[in-house]
Amino acid sequence: MRERGGVSDTDNQPDDGRDDGPGNEPRAASGTAPDGPPAAGGPLDAAELRRRVADLVAAHDPTTMTSVEFLGHRFDAGLAWVHFPVGCGGLGASRALQQVVEDALIAAGAKVVSAYRNPIGLGMGAPTIVAHGDAESRARLLRPLWTGEEVWCQLFSEPGAGSDLAGLATRAMRDGDGDWIVTGQKVWTSLAHKARWAMLLARTDPDLPKHQGLTYFFLDMTSPGVEVRPLRQATGQAEFNEVFLTDVRVPDAHRAGEVGQGWAVSNTTLMNERVAIGGGAAPREANAIGAVARMWRDRPELRTPGLHDRLLRAWVECEVARLGNERIRQQLAVGAPGPEGSAAKIAYARLNQDVTRLWLELTGEEGLGYDEWTMRRSDMGQATLGARAPGYYYLRAKGNSIEGGTSEVLRNVIADRVLDLPREPRTDTKVAWKEMPR
Amino acid sequence: MSEPTIPSLLYGEIEEELRATLRELLRDRCGWHDVLARIDTDEAYDEGLWKAVAAELGLAGLLIPEEFGGAGAGPREVAVALEELGRAVAPVPFLASAVLATSALLACPAGAARDTALRALAEGTRTATLAVTATTWPEAGFPLSVTGAWEDGELSLTGAVTGVLAVDRAELLVLPVIVAGEPHLALVAGDAANLARGAVTSLDATRPVGQVTLDQVRARVLAGPEHAERALGHAVRYGAALLASEQLGVAEQALAEAVGYLKVRHQFGRPIGSFQALRHRAADLWSDLASARAAARYAAACLAEDSPDAAVATALAQAYCSEVAVRTAEECVQMHGGIGFTWEHPAHLYLKRAMASALLLGTADRHRATLGALVDLPPAI
Ligand SMILES: Cc1cc2nc3c(=O)[nH]c(=O)nc-3n(C[C@H](O)[C@H](O)[C@H](O)COP(=O)(O)OP(=O)(O)OC[C@H]3O[C@@H](n4cnc5c(N)ncnc54)[C@H](O)[C@@H]3O)c2cc1C
């Protein structure tokens, strides 16, 4: 059972962070003394950060350069993620001050650059690199990740290991000079076709029980032996890929965390995955519910009493979910993240599915059509609202309860880590991985 | 659509202190055994507890400004008090008196009758109720069932109201009445001559309703036609918005009871909490509660800030939290099996409180209809 979603469940690995529940702050923040000594100048309060934003903008006028260039300067000034350490695009400041920086930048005329420039890198890669990468990896990887010049993907799932991520079979073996040789097959890898780097989880010791024999690497996707093949999905598009790894050489310097500690490291990634997918405060009616509400207002002839009731129920749920996300954001801002992230992700998936279904029903005849089935590579994940026909959003929403940990697995996470309910009996955690039936 | 930025949905330090104090008092004085024992008696309210809550902790005066002897706190603090009182299913007339009647009085223009009443409520020496049928909702029309007439310079009321919270307990009744065809709010003493009142056997025996009948009862005017309708709407909206926090408290307690049982009850050689069918339902309830908390906090915060979004926030909180409370209380019964269906177990206390409060101050469906009008999602023709 599992674990994709940051759960865990084995009882014999006390130090992988999972006992604290999904609310456990990624080590990125906790390991770097959020209230630690400021880099220079006065205390790192809101006024100081506004001053630094003003200095940044004075030295590098965002209107005279590309957004990648400006993002680079922003990183160098420690204003990318203020709670990250100095040198990692941060200042070791309180996370609560991030919003001050965002607001000040907007006020100063800097363009808002969407996290879609590198969704997986920004959401999950960066916290993992900060928490578990060595100094060299941090210096090499974080800046281009932040600017979006180097896109990241996540090589976790395999044909035989999805929810049960810890059961994966991709092998990493040390060769004579200490580097690693990796062979295996990954699947459902979003953005692998765009990615320069990957978060890779591989098995380094098949004789140990499954959670203990894993090691985590940062993989250069341009390495010889990496082959990316598109996988077409129900929408007709190909956002994700199969990735075949054949004797791929990975320098030991690109290992994140200790050998055998891959499960603990991956939990940093997975905890942030839930926040990345479920979190984020949007304005009212920002998502599919907005499209449905507008159609309801504009097209009275489509209205029926039953749909009205469903629309109001959906509107309530969407608005409550929005407030719930905002509450999570507020908790994070004061440094007290709760375990609500998993719940938010389940709710988001269910609601997006309900609302897009309602949308198609309301649309009626037009719902019978579809814009196009031609197989296309997606740029950065799912299409933004308005770019495609309603049918696309209906189909794409089906992935929401699967990607980033299925809703069933997330319920297990809540049951285990929040409610502390008795675990389901299991037979897979104490035996050597190689002895397990599969 | 423009909506204001979202205020803090977290609990402030003062709110947490208030919660801790009240929770301790309730733990000592209002365990579920106490509540259960009381519903078999004729004394619906725990007078000692009410005195402690209202006067000693001063919670009756939370909404009342300091100039009248109140705490000068606000809806956020009242919401926290309601969460705790809901959790304990406390048999005290807090909602009727400290929320509904008090907010109605506060929305009336200053005057001797109003100010004296507010002082007495703040002290905790008097209990009041808003004499409306408790299922009314913020957009319902002004009640017509009691009329007033001027006789020798005195207002005299005749009529009846049914389904009123705490009507048999209150020393003061704030009554919506029609005088010469115009809406008014009047203040009546509970023991006034020609006034008859009594509780009816109620679904939620910890918060019974009753009726009041008036046959030429003397009253004082609190608000005339220019204020009465607005004051009543304000009070009902305040009550509805804050009731969501009580519903949250009831749901939290019901879930805590259920989860506790899932850990200790064994069947098939395992704790029943290890069966995924139950684990997943418990996880869903927990998720709903997280959302309900956000909705209830938003409603309280919007009242506190006098936000233009308060009407939306109220309807939203009621549309959501009513159903979460009922669902959680129902699941609490189911997850306990037979024991959860017995009188000796507290599950039915949560169920009855949750279900009765789902009917109070507008059902979820009423509030959805309100929302439809507020956010421009009109019905099919
Ligand atoms: C759009 C999309 C993008 C994705 N992108 C990536 C990516 O970039 N990188 C990556 O590594 N992976 C990615 N994934 C893979 C995703 O994480 C897995 O699909 C997911 O974890 C489920 O694994 P599975 O597909 O093997 O299904 P399975 O694990 O085989 O699950 C099948 C069904 O069984 C249920 N189930 C399994 N275990 C349990 C249990 N213990 N209790 C109850 N029910 C259970 C599941 O909920 C599901 O309903 C993506 C998936 C999608 C749909």
Side-chain angles (χ1 to χ4, degrees), chain A residues 1 281 283-285 290 292-293 296-297 300-309 311-313 315-317 319-331 333-334 336 338-347 350 407-408 410-416 418-425, chain B residues 1-3 5-10 255 258-259 262-264 266 269-276 278-298 309 312-313 315-317 319-321 323-324 364-365 367-369 371-372 375-381:
Chain A
M1 114 166 40
R284 182 172 284 169
E285 291 193 7
V292 183
W296 183 270
R297 291 176 190 127
E301 78 281 6
L302 299 176
R303 299 175 192 163
T304 64
L307 288 182
H308 187 239
D309 184 58
L311 174 61
L312 291 175
R313 285 175 187 275
W315 197 94
V316 166
E317 296 242 15
E319 181 60 9
V320 168
R322 187 178 79 93
L323 294 170
N325 280 338
E326 172 62 13
R327 193 161 190 278
I328 293 172
R329 213 188 54 73
Q330 292 179 1
Q331 282 176 318
V334 297
E340 284 86 354
S342 305
K345 203 258 169 185
I346 298 174
R350 179 175 50 79
S407 294
E408 288 77 16
L410 292 177
R411 288 186 180 95
N412 289 343
V413 174
I414 295 171
D416 286 346
V418 181
L419 300 176
D420 195 24
L421 285 170
R423 307 292 163 111
E424 291 174 71
Chain B
M1 177 170 321
S2 78
E3 80 275 0
T5 51
I6 303 177
S8 171
L9 304 176
L10 308 179
L255 180 61
V259 166
L262 293 182
K263 291 179 184 176
V264 297
H266 282 66
R270 298 157 57 174
I272 56 172
S274 68
F275 291 108
Q276 199 175 70
L278 300 181
R279 289 160 56 83
H280 280 191
R281 275 154 56 196
D284 281 341
L285 294 172
W286 182 84
S287 306
D288 293 347
L289 276 183
S291 296
R293 181 170 298 107
R297 283 272 88 189
Y298 184 59
D309 208 35
V312 169
L316 187 75
Y320 193 76
C321 297
E323 295 192 347
V324 168
D365 197 51
H367 286 284
R368 279 193 294 272
L371 261 182
V375 304
D376 186 26
L377 295 172
I381 304 90

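Model, not experiment: these values are computed from the prediction. So you know, we letter chains A, B, ... as the sequences are listed, proteins then strands, and number each from 1. Heavy atoms only: backbone and side chains are in, while hydrogens, waters and symmetry mates are out.
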Check whether any side-chain heavy atom of [X] sits under 4.5 Å from a side-chain heavy atom of [Y], and report yes or no.
X	Y	value
B/E323	A/R313	yes
B/K263	A/D420	yes
A/H308	A/W296	yes

Which atoms of [X] come close to chain B, meaning under 4.5 Å heavy atom to heavy atom: side chain ones, backbone ones, both, or neither?
X	answer
A/E301	neither
A/L311	side chain
A/A347	neither

Heavy-atom pairs under 4.5 Å with chain B - which of A/E317, A/R327, A/E408 has more of them than the others?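 Greatest number of close heavy-atom pairs with chain B: A/R327.
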
### Task
Quick one: which of A/L302, A/L307, A/D309, A/V320 has the most heavy-atom pairs under 4.5 Å with chain B, could you say?
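The candidate making the most pairs under 4.5 Å is A/V320.
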
Open item on the list: Rounded to the nearest 0.5 Å, what separates atom CD1 in B/I6 from atom CZ in A/R329?
Closed with: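 Those atoms lie 8.0 Å apart.
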
Contacting moiety of B/R270, where chain A heavy atoms sit under 4.5 Å: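 When you check distances to chain A, only side chain atoms of B/R270 fall under 4.5 Å.
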
Any idea which of [options] has the most non-hydrogen atom pairs under 4.5 angstrom with chain A?
options	answer
B/R293, B/R281, B/H280	B/H280
B/P379, B/G372, B/A295	B/P379
B/Y320, B/F275, B/W286	B/W286

* Chi angles and distances behind the salt bridge (charged side-chain N to carboxylate O under 4.0 Å, His left out) call for B/D284, A/R350 -> CA-CA 12 Å; B/D284 281 341; A/R350 179 175 50 79; over 6 Å; no

Verify, without hydrogens or angle tests, whether A/R297 (side chain) and B/D376 (backbone) share a donor-acceptor contact under 3.5 angstrom.
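Indeed, once roles are kept as given, a pair shorter than 3.5 Å links the two residues.
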
Worksheet entry | N/O donor-acceptor pair under 3.5 Å between A/R411 side chain and B/A283 backbone |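 A pair under 3.5 Å: no.
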
